[in-house]
Each structure stands twice: as structure tokens, then as C-alpha cells.
Amino acid sequence: MQVLAAPRPRGLPVLGRRPRPAAPAPPAALDAEEAALLARVGRGDRDRALPELYRRYERRLFGLGIRLLGDAGLAEELVQETFLRVWRTAGRFDPHRGTPSAFILSIARRLAIDLWRRPSSRPLPAAPESAGAIDETIDHLLLQLTVREALDSLPPPQREVLELSYHGDLTQTEVASRLGIPLGTVKSRAYHALRAFRRALDQRGIDG
Amino acid sequence: MAEPDPGLPHLDLGGYLLGTLDASEREAFERHLGGCPGCRRELEELRGTPRLLEQATEPVQVPAGLEARVLEAIAREPRPGLARPPARASRSRPGWRSPWALGAAAVLAVAFLVGLGLGRALPGGGGQPAPAGRTIQLVAAGGSGASGVATVRPERNGQIIELAVRNLPPPAAGHFYTCWLVADDDTLQHQDRVSVGSFTTSPDGTATVRWETAADLGRHPHLGVTLEPDNGSPLHQGPKVLAAA
């Protein structure tokens, strides 16, 4: 469960601290959607905008909590406190200063560090103590969780082909047989799934 | 005229990238690649994508009912932007003197902040609010020659804020100025402020900007300008540069 010492892969972005591009660019569709949701939350919309925004981040936040803190109760606390603060501060979100995900994840990042510093919440005695090490760990976890979120955003048949192909060490003929679909379908689905995955990663600010 | 449809790439491109072709399929695809610029371009664009699959965590299982518990907790919160209960609002602590001063103290090295006369420049607990329809004279928080004028006018859904500044040097690379509306009880640790907008200045030190904001001036009555690092953080981190005279 613990990945505290895992280094952040080089060349991969730091999530929640994404810098703005040097030149103004139209916001990605996902950012624009979430900026609109945040604006509605800032105006007090807790019936529709808040749950929708919440659902987009729940798994990432809970995943960060459980992996960093190793405790479901603390992970729940992280999710709840993050969204309480999103609720209280959404009106301060300024799309010219960062993306909605940077806004939300930077709140989560600070809370996660606070929870980590609670003496009772350290799962490993030999865990890194320095703020820099924890920061790196959180960056890495958020990256992994955001990649998972991008993967989960694909239609299930596309996700299935990618996961079986990449993790299953299967040939495409074996994938076709495993899924009970024609080989030609596996082939075209593999390409379209990769394209869709690339697009989902781009929308979430992940290069590669 | 419509662009000609470039068509789909070779059927085995996805399998090639994912490493699911057998040896003969792979060789055949590589022969095809040699004569197909379209596939080479696609390959280049998608080459780094499969390795990111390795990065994905296992699917996250969220406990049943978490969403309901979180939304219930938020339902017990007041609506953001509503006036605070009197007990909090009537606190006499001069809330925004110290946080701004602390913010400036943390970044003394910023060239055009030549002093820390923030206490004088700031309104303290009984300070200069930014009521609707008012013109607010702004002076340099650090004693430089910078100044500004902000006008705040009500509109149907909030306020229009216009800000004109003079003698404010263009921010250093990686920084920009931010105009804030600040609550009485704002502190660096527990910030209670609304970003009105960000701006830079011309080489001659001037800027004129206009924003619309739905901020509640009853809750965030103080207007000021800070210098902020361009690091994606929505929070106030840098020094104050202009405050109400």
C-alpha cells in the first residue's frame, strides 16, 4: 500500500500545481466545465453543481488519503475537509490563475500534509519526514490517481481492451478470444482507445 | 473546401503501440510504416501514451455512502458569501493588518517593496471599506511611488471594479499582480478573501483593468493589490503592494 519512497517519474507533470501556459490559451473543455461548476458552487449551488464536481474528485481524493495515510477514516476526513473548503472558497477561484483541478488539488495537498503530520496518522515509522519528500510523494500519487481517472473516463469496452492488452501480456488474438469479440474489433478498438486515453490525459494536463 | 479525409491509420497501429502483435504482424506493420507518413505521425503522437497505463493506480474503491456523508456535512454549512453570524462579524480584532504585514515580511527581497509601513497604510479594524459606488485611493504598501485608484460600482449581479495604477513596475518573470477583496478576519493561515482578478503593468508602470465580481462586499470589504507567484495556487502568497490610503 505504501509508496512513500516512490520517486516521481521524470518529465511527468506535477498535479495540483500546474503552471499556466506562457501564452493565454483557450481552456480545455474539461477545465471550462469544471470552472463553470466551481463558479456555480461559489454562488451556493449545492444541489447540482456541488455533487457533480464532487463526483469528479471523490476517487482521486479518497485514493490519495488511503495511499498516503493508510487509513480509511483519515482518507474520508481528507475528502470531507477538502470539499468543505471547496464549498467555502469556490467563490475565490480565478480561472486566470490556475485550473479548477489545481485549485481543488492544492487544497487537498495542504490538508493531506496536515493529516500526515498528525502523530497518530503515520503508518510507517520510517516514513519520510521532510516536507519535500511528502510533497514528492503526493505529486506522484496524484499523478497515478489522475491517470487512473483518465482511464476510468473511457467507455468500458475501450478501457477493457487497454487494460487487458497492457497488463495482461496477451496478444491481440488472445484478447479477442478472452473478450469473445472479432479480432478486427480488438484492433480498431485498441487504436481508438489509445486515442481517447491520450485525449483524456491531455485534458488533465498529463503529457507523455 | 473540405480537407481530404486522411482515413484511419493501419489497423495494427494500436496493437503495435500496445505490444500485442505477434512477430509476423509486427514485421508486416513495420514494413508498412516505412511507406506511410500518416501512420508514422500517429505513432509519434501516441508513442508515449501506453507507458502511462503503467502509472495508473489500481481502481479506487470508495466506501459506500461517502458522497452522502460529505454532502450532508456541507448541507450543514452556511451558504458561501452569506454574512457571518454577528458573533464572528463583530470581533474587534484588526484582522487584516497582521496577515498583510506577515505576507510582506516574508518577501522583503522584492525590489520595489522598500519598507514595511503596512500598518500605516492599512485600515486596521476600523479601516477603509470598499462600499459600493465608491472611489478608493490606493497607495504603495511599501513606501514606493506606486499608487492607484479603484472604483467600485454596483451592478445587477455584483460589482464592477475598475482599477488604474501608476508607477507600479511590471512584475518579475513568473509573477503577476492580483487585486483582492479581503474580509476582516483574513489571515495568512486562514485566508478569507476573494480574488477580483490578476493583471500586469506596462513598462511605464501603468495599467487600467476592469472586472466584474459577484463578491459580497459586506463580507469582504477591503480592497488591495498583492504580487503573486504564477504557480497555480489560488491562495494569497506574496507581498502586498497597494492598499487603501
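Values in this document were obtained by computation on a predicted structure and should not be read as measured data. Convention: sequence-line order gives letters A, B, ...; per-chain numbering from 1.
- The parts of L53(B) that come within reach of chain A are both its backbone and its side chain, each placing non-hydrogen atoms under 4.5 angstrom from that chain.
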Hey, mind stepping through D12(B) and Q172(A) against side-chain contact (heavy atoms from CB on, under 4.5 Å) and telling me if it holds? CA-CA 10 Å; D12(B) 277 339; Q172(A) 54 188 7; 3.2 Å; yes
Evaluate side-chain contact (heavy atoms from CB on, under 4.5 Å) for Q55(B) paired with H140(A), printing each intermediate quantity in order. CA-CA 9 Å; Q55(B) 289 289 323; H140(A) 189 204; 3.8 Å; yes
Output, in order, the C-alpha distance, side-chain angles, deciding distance and verdict of side-chain hydrogen bond (donor to acceptor under 3.5 Å, both in side chains) for Y54(A) and E67(B). CA-CA 8 Å; Y54(A) 173 84; E67(B) 177 180 332; over 6 Å; no
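- Not a single donor-acceptor pair under 3.5 Å links the side chain of R92(A) to the backbone N or O of S195(B).
- Contact of V186(A) with chain B is not made at all, since no heavy-atom distance falls under 4.5 Å.
- Within 6.0 Å of CZ on R48(A) lie no more than 12 heavy atoms contributed by other residues, nucleotides or ligands.
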Show your working on side-chain contact (heavy atoms from CB on, under 4.5 Å) between F197(A) and L46(B) and close with a plain yes or no. CA-CA 10 Å; F197(A) 184 45; L46(B) 292 173; over 6 Å; no
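- Contacts of L201(A) with chain B are made by side-chain atoms alone, with heavy-atom separations under 4.5 Å and no backbone atom involved.
- Atoms CD and CZ, from Q61(B) and R59(A) in turn, are 8.5 Å apart once rounded to the nearest 0.5 Å.
- Contacts between R46(A) and chain B at a heavy-atom distance below 4.5 Å involve the side chain alone, from C-beta outward.
- L66(B) touches chain A through backbone and side chain together, each having a heavy atom under 4.5 Å away.
- Contacts of L151(A) with chain B are made by side-chain atoms alone, with heavy-atom separations under 4.5 Å and no backbone atom involved.
- Ion pairing between R198(A) and E45(B) fails under the 4.0 Å rule for side-chain N and carboxylate O.
- Residue G91(A) comes nearest to V194(B) through the heavy atom pair O-CG1, 3.7 Å, listed as atom of the first residue, atom of the second, then distance.
- Of the possible donor and acceptor atoms, one in the side chain of W87(A) sits under 3.5 Å from a partner among the backbone N and O of P78(B).
- For P50(B) against Y166(A), the heavy-atom pair with the smallest separation is O-CZ, 3.4 Å.
- Listed in order of number, the residues of residues 15-24 of chain B that approach chain A to under 4.5 Å between heavy atoms are G15(B), L17(B), L18(B), T20(B), L21(B).
- Side-chain contact between E72(B) and Q80(A) is absent, with no heavy-atom pair separated by less than 4.5 Å.
- The choice from T49(B), T213(B), L13(B) that makes the most heavy-atom pairs within less than 4.5 Å of chain A is T49(B).
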Let's go through R67(A) and V60(B) carefully: what are the C-alpha distance in whole Å and the side-chain angles of both, what is the deciding distance for side-chain contact (heavy atoms from CB on, under 4.5 Å) to 0.1 Å, and is it a yes or a no? CA-CA 10 Å; R67(A) 284 168 174 76; V60(B) 176; 3.8 Å; yes
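- Residues E42(B) and R195(A) are paired through a salt bridge, judged by an N-O separation under 4.0 Å between the basic side chain and the carboxylate.
- Interface remark: I74(B) contributes backbone and side-chain atoms alike to the contact with chain A (heavy atom separation under 4.5 Å).
- With a 4.5 angstrom heavy-atom cutoff, R55(A) touches chain B only via side-chain atoms.
- Here the closest heavy-atom approach between residue S198(B) and residue D94(A) is recorded as OG-OD2, 3.5 Å.
- Separating the CH2 atom in W211(B) from the NE2 atom in H96(A) is a distance of 10.5 Å, to the nearest 0.5 Å.
- Summarising the geometry, atom CG belonging to L52(B) is positioned 7.5 Å from atom CG belonging to L143(A); distances are rounded to the nearest 0.5 Å.
- E58(B) touches chain A through backbone and side chain together, each having a heavy atom under 4.5 Å away.
- Only the side chain of R110(A) comes within contact range of chain B, judged by heavy atoms closer than 4.5 Å.
- Neither the backbone nor the side chain of R47(B) comes within contact range of chain A; no heavy atoms are under 4.5 Å apart.
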